[in-house]
Amino acid sequence: MTVRTRFAPSPTGYLHVGGARTALYSWLHARKHGGAFILRIEDTDLARSTAESVNAILEGMTWLGMEYDEGPFYQTQRTEHYRAALDKLLKEGKAYHCYCSRERLEALRAGQMAHKEKPRYDHHCRDLKTPPSGVAPVVRFKNPLDGEVVVHDEIKGAVIFQNSELDDLIIARSDGSPTYNFTVAVDDWDMRVTHVIRGDDHLNNTPRQINILKALGATPPSYSHVPMILGNDGQRLSKRHGAVSVMQYREDGFLPEALLNYLVRLGWAHGDQEIFSLDEMIALFDIKNVNRSASAFNTEKLLWLNQHYIKTSAPAHVAHHLSWHMGRLGIDPAEGPELVEVVKALRERAKTLVEMAEASAIFYKDFNQYEESAVKHLTAQAAPPFSALREGLAGLAAWEPAAIHQLIADTAVAHGLTLGKLAQPLRVAVTGKAASPPIDVTVHLLGREKTRQRITRALAHIEKTAS
Ligand code: GLU
């Protein structure tokens with residue numbers, strides 16, 4: 001049997017971390033078993049579905065690198081499949097038309113509530129001999145009246161539902177449009193899905209879908225219901241807890257592999273291993289080992305992973321993601337040193353790509369002013385060695401960090417200064433800030449022309465403020 005999994009988001013908002021995690025688990029399960037991963041957009045709720053959300057979901061999937069083998073399928077474009085399944089059930093007497101008016105159903109419900117009974121349909125039309133005329137009926141599923149449905153959940157174990165607790169579900173509205181549980185069952189059947197991995201808020205739908213699948217003559221897939229994600233206060237994760245949209249994490253400067261690594265560990269473990277490459281995830285992930293209880297989101301740990309991936313990923317890979325952030329800050333990577341070299345110089349310090357992009361600005365753009373806390377280093381004492389350095393740098397044969405370092409050291413000695421007493425003013429002169437990567441690396445990346453121009457600017461500043 002070929003494994004076939006699916007991610008089936010409803011496009012009513014962005015791709016949030018909970019959805020991304022279920023998608024990841026489905027994706028990993030398919031990849032692990034050499035199977036297929038299907039993307040299905042459940043957009044039948046016309047009032048709440050938007051094209052914008054579809055785009056946001058596709059964008060999130062792409063950014064995370066979860067490529068799908070089939071789809072995206074759109075439920076709104078699959079009407080004929082639902083119609084055929086509906087006709088089949090009606091023909092075989094496994095579904096029926098229900099003509100009950102809203103008033104009748106409301107009265108029924110009110111009566112049941114008054115008797116403290118669970119509100120449910122009373123099967124009035126289930127065996128109706130003569131349908132009333134002039135009423136557009138809905139279609140109800142003939143749920144078995146007794147017995148039980150056992151959901152053999154891969155994560156939660158066996159979960160038992162009594163058929164007597166399940167209603168004769170409306171599977172098509174009076175305008176013929178199919179309803180949610182029916183479309184899911186038809187699609188899982190039609191798309192030959194073998195493993196449904198989804199949030200456990202859907203567990204109550206599962207016995208209904210199993211009954212529909214059986215009525216259609218299908219073998220139900222295996223089910224895994226993933227517990228939800230909580231915020232740090234134990235409440236269900238929501239916007240209140242900060243970013244929950246996957247693309248917000250991109251904007252906040254996270255690498256996709258850091259988020260993937262974080263999400264795979266959120267609710268799943270392999271010993272005490274924290275870092276997983278994609279290949280390791282695929283090899284080691286097992287849906288059966290997903291926690292039964294909810295997991296709490298921990299932003300600190302995500303930041304730690306992000307830093308790890310910024311430091312250890314191939315610089316060209318980091319540079320690729322960094323350039324997007326530079327674009328957002330209006331920095332043109334063509335206006336300065338090779339991005340890969342900048343990544344190497346900055347990756348030890350940056351927790352996020354936003355920080356790295358901000359720090360990269362000094363190499364590509366002139367700064368407007370010296371930082372307030374740094375400008376005090378530009379004293380009259382720094383002027384003579386600055387002039388000497390500007391000359392020395394012009395004549396430096398090898399534009400290499402080691403040679404630059406030597407020149408700065410020699411210049412300091414010649415002016416009776418310690419290295420630090422020259423390096424710090426120089427740092428302020430060329431970056432405008434009191435902190436930067438090592439000064440020789442900084443000057444090297446900045447290049448001969450820009451370094452000399454900035455020393456000239458600092459000299460002018462010293463002259464202006466000294467007089
Ligand atoms: N469309 C559902 C949702 O976004 C998922 C349904 C499923 O996975 O079966 O919550």
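For clarity, every value in this text was computed on a predicted model and none was experimentally measured. Atom set for the values below is all heavy atoms of this structure, side chains included, hydrogens, waters and symmetry mates excluded. Atoms within each ligand, like the ligands themselves, are counted from 1 in listed order.
At least one cation-pi condition fails for Arg265 and Phe276: the charged atom is not both under 6.0 angstrom from the six-membered ring centre and inside a 45 degree cone around its axis.
Around the CD atom of Glu52, the shell of radius 6.0 Å holds no more than 12 heavy atoms that belong to other residues, nucleotides or ligands.
Between Phe254 and Tyr249, the ring planes lie perpendicular to each other; the angle is over 60°, past the 30° to 60° tilted range. Aromatic ring pairs are classed by plane angle as parallel below 30°, tilted from 30° to 60° and perpendicular above 60°; the pair His33 and His29 is tilted. Taking the six-membered ring for Trp and thresholds of 30 and 60 degrees, Trp268 and Phe285 have ring planes inclined between 30 and 60 degrees apart.
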*List the steps, then state whether side-chain hydrogen bond (donor to acceptor under 3.5 Å, both in side chains) holds for Asp175 with Ser177.*
CA-CA 6 Å; Asp175 65 1; Ser177 61; 2.6 Å; yes
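If you look at ligand 1, the protein residues with a non-hydrogen atom under 4.0 Å away are Arg6, Ala8, Pro9, Ser10, Glu42, Tyr180, Val184, Arg198, His202.
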